[in-house]
Every structure is written in C-alpha cells, then in structure tokens.
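Structure first, then comments.
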Amino acid sequence: MAETLFFNALREATDEEMARDETVFVLGEDVGQYGGSYKVTKGLYEKYGELRVLDTPIAENSFSGMAVGAAMTGLRPIIEGMNMGFLLLAFNQIANNAGMLRYTSGGNFKIPVVIRGPGGVGRQLGAEHSQRLEAYFHAVPGLKIVACSTPYNAKGLLKAAIRDENPVLFFEHVLLYNLKEQLPDHEYICALDKAELVRPGSDVTILTYSRMRHHCIQAMKLIEKDGLGYDPEIIDLISLKPFDMEAIAASVRKTHKVIIVEECMKTGGIAAELSALINEQLFDELDAPVMRLSSQDIPTPYNGMLEHLTIIQPPQIVEAVKNLMTLQV
Amino acid sequence: MTDKTIAQSVESERIVPHIDTSSLPLTKEEGLMLYEDMVLGRLFEDKCAEMYYRGRMFGFVHLYNGQEAVSTGVIRAMRRDEDYVSSTYRDHVHALSAGVPAREVMAELFGKATGCSKGRGGSMHMFSAEHRLLGGYAFVAEGIPVATGAAFQSKYRREMMNDPNADQVTACFFGDGASNNGQFFECLNMAALWKLPILYVVENNKWAIGMAHDRATSQPEIYKKASVFNMTGVEVDGMDVLAVRKVALEAVERARAGEGPTLIEALTYRFRGHSLADPDELRAAQEKEFWFSRDPIKRLAKDLEARGLATAAELEAIDAKVQAEIDDAVEFAENSPEPDPSELRRYIFAED
C-alpha cells in the first residue's frame, strides 16, 4: 500500500495504460512540457515523448475532433480538458462525432476516446470555470459518463475508461485533486457501470457523486455528532450514464426513501433524470417523493459567501434526512 | 439581378492559372479509369435526383454534378482502401471514388439495411471503414478536425510505433463556406505545425447555399490562406481532372514523404442547386451557362481523344456500362430489406 494523492492516482493510471498499450496517448493544453495544470500528466512527456503526450494549441473543438479521427483509425486518445468547462467549445465534436458517429455510421467505426478533466465548483473561480457539464452532455447518445471521487476509484475507473471501446466522459473534481488514500500496490480496475456503496444503512438512500460524496460523509458525521440516530445508506453513483439502476433499486427497496445530492444545477440536472427513473421504476417502493438537493439555477458567483450558498452544504443534507425521517407516512 | 450585374459576375470569374498537363503521364487504362469514375459520379447523382422526385429517397440530398473532376482527380490519385477520405454532406461521389460500391451508396439513400451506413446515416452520412471513408459530415467544417486526426494517426504509427508501412495519406474535402470557419484555420495550423500527411481540398463552387463566396470572405483566394501557416497552397482548375490529378499526385507525394500538408483550392461549380430542396434563384443564368460550358467530363473526353487514348465509341461503351451499374444499384436498393426494427438501438456502443 502506498499513500497516493488523487492527481497522482490519475497519473499512475495514465502511465500504466500508456506502458501497457502503445496506442494510448494524451492530448490537450499544457499536458506535455508543463505536466498538466493539475499535474495529472507530470513526467509523462519526458517518459513517452511529444507525440504521446501532445501539447496542443488552444483549439478545443479541433483537437477534440482530431482525437475522434485518431480513435476512428485505431488509436486510443485521452483528451484532457484543462478545465472541463472549456469543452463547451468542443460540444459538437463530443456530441455529433464522439457520441453519435458510431450509430450514424451503422457500426463502421468505434471511438475509444476518454475525455477527462476537472469539473465542478472550485474556490471562487467564477462562473465559467465552475461548470457541471455532466448535465449538459447527459442527453447525448453513445457517451458513457463517469465521475470519480476518491484516489482509489479515480485510478481504477480511469484505467477502465481507457480500455473501454466507447467514448467516456470522465469527470474529476477541481477540489479533490489533493485527497490522499492508501492504494494497493497491485494493479486493479474498477467497473465503469457500477455504483459504489459508501456507507450501508437502512433509513434513507442518499444518491450522490463526485465531491458531494464527501459532503454526504460530512453530513453523516454531523448526524453522529448530534446523536440524531439516523442510519442513511450513502451510494456514490460513479456512472452517471447509464445509472446503475440495479444497485439503486436494491437500496430503495430497503429504505423506501431517496435523497439525491448533486452539484449540478437543479433544472435539467442529473437528479432530475434519476428521480424520473426512480419514479418510473420504483414508485411502489417509495414512502415519500424523491428529494433533490441541487445547486441553485444560477451562474456560479465569484463572491465566496454567495458561492457557498450556491451549492449544497452538509447541514442541508442533515436537514433533508431529518425532514424525510420525521415525515408522517 | 440586372443584366449588368450578371455580365459582371461572369466577367469577374477568377482566371485560373493554366496548369500544363501535357507532361502528366497517363496510360490508356488510367485515362479510362478517370473517365469512368467521373461518369459514375455524374450518372449516379442524376439517378438520385430522379429517385428523390419519385419519392424513393428523403431528407436533404446534395448532388455533386459539375464537381466530379475534384473527387476523381484527388481520390483516384491515392491508394484505394489504404488512404483515408473525409467528406461533407455532399458525399455520395467521394464515397464512390473511394471505392464504396454504388449498390451500397444507393441502398443507404433508400435507407436500407444494406446501405454502407446500414440505413442509419442517409445522404449526408456515408461511411465505410473498409474503404477508409471517414464519413460524410453534415455540419460545415466539422470533418476537418476528424480528418486531421486520421492524418495524425499515420504519423503516430510511423514515428511512435515504428510502423514503416504507416504512410497513409488523408484527403479532407470541404467547401468554400467551410474555409471561413474556425476549425479550418485551427486544423491548418496544427497540420502544418506537426507536418501531418493530409490534403485539405477546398471545393470552391462559389456558393454556400445562397451566400456568394465573395460576400463571405475578405480574401476570396482560399489557397493563399495556406501561406500564413507556412503550408503549400495551390489553386487548380477544378473542371480539369488532369490538372487536379497532377496537383494531387504532387501533394500526396509530399505528404507520404513526411513533408506535410497541402491546401488545394479547386475552382469548380455545382450544376444543380445546393440541395434538391433549393430553388436556386440567386445564381445568375449567365454564370451557370459559363460553368456548364466547362463541363469536366466533356473536357476529359476531349483530352483523352486528343491524346489518342480513347475513341468516342470506347467512351460511349463506358457510359453504357456505368448506366447499367447504376440501374443495378437501384434494383439492389429497392430489393434490399428495411433495417430490422428490433435493431433500432444497435450500434450505439461498440459492443452492440
């Protein structure tokens, strides 16, 4: 076991997969000589050379389309979005080309590309650098969407994403890169389509992902500290598309109550889709309406206090659990 | 349009520098191959118009009539099934030149399961991995990055994976309208920077639907835009297949030798409207007449006869052979099955 920082876990995953398969390469802004803005590719340029760790001009739509062309012709590109928000500039290539092209071509081409980078609300980075694109891309057919949340799953999931034959949108979180965790010395892979049980419980199912997983854990600590006696089950969705409905259903059948905690905006968010699915598939299991705890429907403000109010905080999760548990059913 | 402006539009046609093709080696076999390829493109598109108006194909259908010398001149200067081709929404003829059988292209237009994209793509989305057709891209300029990626792949295999056989070249086709799009400039920059083996082929047919090229750009001579990227840029008469072939052969040779990309601006004209739904009211009759008189197929026929490579009878025999091929393609498409409804969701993911 070795204590590993989140960004190093991602770097190790990339390094291991590049060593294993010479068709794997990284491209993006400042991934090479600079080592990546969050140091995820540090040292790889020196190790693998400039074509395998390709510093691109600042041309998101074109280098993303280029990666699709390289993937169609047999390579396995990893696009690093310096900030995932920048990939709004590549929306067409991600939606029309990466997502839809295999279908449109009647199966002629497959597109094994990973599109990864930091998303989420950071610390006073302003609206454009604080985006949650997972919701924007959610409707695109043909994409797998994954959000990692710990050094362990970051490494195992990224390796799986690189080996996957399909385009995978891989969300990291700008505030999680310095998390530390003991990682196994042996190689491991995490399944891209499986949710992760963070805390088993029996009272209420909390579905969450990315940094909000850690807010939910904080909320649990508050519940314990205040001796509230609630026993929520916390599940990290990991796969935002498709959802691991099997794991979700198993938990809902146990607790009959659901809270979804997300960082994206409420309108058209991940929780909007997930709550609709739960209502469609598990309505008879529910003792109460599915609750959504989401960010405000506003551009993320710069001011720290306003930013704090924009996203969900642990006390709000405690409050939601309390409300749901005291509901007369 | 007044008579005066019509006259001006014809008088203002760009004078294309004469490219002497007399030194271009051309066997009888090659000459007839070029002729057949162009006739295939022309007659195929004529049949599409007929089938569209008879309600056999649907959607937006953009025909290539008039531009055949560009597809044939470039793609038939490349290695079939090895080199890559990317196209636009006007892609039927590029697909044919790349070797996709007329049957499969026609069946795709009919939406049938036997189409090259299994009936999922349609007119604007012809694909064939077998024939290295990277596809028809329906949004203007979006195919340029994809083609650039295929060219990057060739370089990557050769230099990083030490594959000496990785000398494939990519031809990327797009129109004058795309040359005002950011992806055009971004990709020219990267391809020149990394010396990628690619031909950027602008089919300048003067009109982006109803937007005249001269009204859309501050510099109408597109080939000149290569110079700022330190890239070779050439203009060529897109109605002269031998001139296009000469320019393409040189560009392909440079690309294979690792000397980087070329921007080829082929001056051409579409003989029909933008699509079969376009009333085509903006283009002046005299402008059309001017370009009709420069029909690239008639031009090649004349050149072949002048070189003593073909007789009128031989060319007529090719016309008849191609017509039979197209009739067969229509029959094939008509008799092909519809896609299986149970496979509606197939091909979304690689495992499907």
Side-chain angles (χ1 to χ4, degrees), chain A residues 18 21-25 27 48-77 89-90 92-93 95-113 140-144 164-167 242, chain B residues 84 86 108 113 115-122 124-130 132-139 141-157 159-162 168 170 182-187 189-190 193-194 196 339 345-352:
Chain A
M18 288 182 76
D21 181 349
E22 60 182 349
T23 65
V24 176
F25 74 102
L27 76 166
Y48 294 105
E50 62 180 7
L51 279 186
R52 293 195 70 190
V53 190
L54 185 71
D55 279 321
T56 63
I58 302 165
E60 287 85 1
N61 52 358
S62 288
F63 72 64
S64 300
M66 248 187 73
V68 170
M72 287 169 72
T73 51
L75 301 185
R76 305 183 83 84
L89 292 160
N92 181 64
Q93 284 73 18
N96 273 347
N97 303 158
M100 296 186 350
L101 191 146
R102 175 170 177 78
Y103 188 87
T104 308
S105 76
N108 263 289
F109 292 95
K110 58 179 182 167
I111 299 146
V113 60
V140 178
L143 297 179
K144 294 185 176 182
D164 201 273
E165 298 293 345
N166 299 288
Chain B
Y84 293 94
S86 84
E108 186 59 34
C116 58
S117 305
K118 307 281 195 294
R120 268 72 166 177
M124 301 184 277
H125 299 292
M126 299 290 171
F127 288 88
S128 173
E130 182 189 350
R132 302 267 170 125
L133 176 65
L134 297 168
Y137 292 84
F139 282 12
E142 66 165 341
I144 302 176
V146 175
T148 305
F152 174 80
Q153 169 264 165
S154 298
K155 180 188 172 84
Y156 184 97
R157 279 185 203 280
E159 296 181 16
M160 290 311 303
M161 297 168 69
N162 302 313
Q168 291 78 28
T170 299
Q183 293 166 99
F184 167 74
F185 296 101
E186 291 178 4
C187 288
N189 176 48
M190 292 192 285
L193 181 67
W194 298 321
L196 301 184
R345 295 176 57 81
R346 196 178 167 195
Y347 305 125
I348 296 199
F349 292 109
E351 296 76 15
D352 299 338

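Protein chains get the first letters and strands the later ones, always in sequence-line order, with residue 1 at the start of each. Note that these values count all heavy atoms, side chains included, but never hydrogens, waters or copies made by symmetry.
The residue among Asn189(B), Thr170(B), Ile348(B), Leu133(B) with the most heavy atom pairs within less than 4.5 Å of chain A is Ile348(B). Residue with the most contacts toward chain A among Ala350(B), Gly122(B), Gly136(B): Ala350(B) (heavy-atom pairs, distance under 4.5 Å). Of the listed residues (Asn92(A), Val68(A), Ile58(A), Leu27(A)), the one with the most heavy-atom contacts under 4.5 Å to chain B is Asn92(A). Contact tally against chain B (heavy-atom pairs below 4.5 Å) for Gln93(A), Met72(A), Arg52(A): the top residue is Arg52(A). The candidate with the highest count of non-hydrogen atom pairs below 4.5 Å against chain A, out of Gln183(B), Met126(B), Gln168(B), is Gln183(B).
Residues Ser62(A) and Pro145(B) come closest through the heavy atom pair O-CB, 3.4 Å. Contact record, Asn96(A) with Phe139(B): ND2-CE2, 3.0 Å, taken as the closest heavy-atom pair.
When heavy atoms are compared at a cutoff of 4.5 Å, Arg132(B) does not approach chain A at all. At a 4.5 Å heavy-atom cutoff, Ala147(B) makes no contact with chain A through either its backbone or its side chain. Using a 4.5 Å cut-off between heavy atoms, Ile111(A) does not touch chain B at all. Of the atoms belonging to Thr56(A), heavy atoms from both backbone and side chain fall under 4.5 Å from chain B. Looking at Tyr84(B), only its side chain comes within 4.5 Å of chain A, counting heavy atoms on both sides.
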Would Arg345(B) and Tyr103(A) count as a side chain to side chain donor-acceptor pair (under 3.5 Å) here? Give the steps. CA-CA 9 Å; Arg345(B) 295 176 57 81; Tyr103(A) 188 87; over 6 Å; no
Apply side-chain contact (heavy atoms from CB on, under 4.5 Å) to Met161(B) and Leu75(A), showing your working. CA-CA 11 Å; Met161(B) 297 168 69; Leu75(A) 301 185; 4.3 Å; yes
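Atoms CD and CE, on Glu22(A) and Met160(B) in that order, are 8.5 Å from each other to the nearest 0.5 Å. Atom CZ in Arg102(A) sits 7.0 Å away from atom CG in Asp352(B) (nearest 0.5 Å). If you take OG on Ser117(B) and CG on Leu101(A), they are separated by 9.0 Å, rounding to the nearest 0.5 Å.
Contact of the Ile144(B) side chain with the Met66(A) side chain is not registered, since no non-hydrogen atoms from C-beta on lie closer than 4.5 Å. With a 4.5 Å cut-off on side-chain heavy atoms, Thr104(A) and Arg120(B) do not count as touching. Inter-residue side-chain proximity for Ser105(A) and His125(B) is flagged as unmet; no heavy-atom pair is nearer than 4.5 Å. When side chains are defined from C-beta on, Phe25(A) counts as touching Phe152(B), because their heavy atoms get closer than 4.5 Å. In this structure, Thr73(A) and Leu134(B) have side chains that are in contact, with non-hydrogen atoms separated by less than 4.5 Å. Between Leu51(A) and Lys155(B) the shortest side-chain heavy-atom distance falls below 4.5 Å. When side chains are defined from C-beta on, Glu186(B) does not count as touching Pro57(A), because their heavy atoms never get closer than 4.5 Å.
Partners of Thr148(B) according to the side chain to side chain donor-acceptor pair (under 3.5 Å) rule, which considers only residues two or more places apart in sequence or in another chain, are Tyr200(B).
One side chain, Asn97(A) or Glu142(B), offers a donor N or O that lies under 3.5 Å from an acceptor on the other. Side-chain polar atoms of Asn108(A) and Glu130(B) form no donor-acceptor pair below 3.5 angstrom.
The side-chain tip of Lys144(A) points at the ring of Phe349(B) from less than 6.0 angstrom away and within 45° of straight on.
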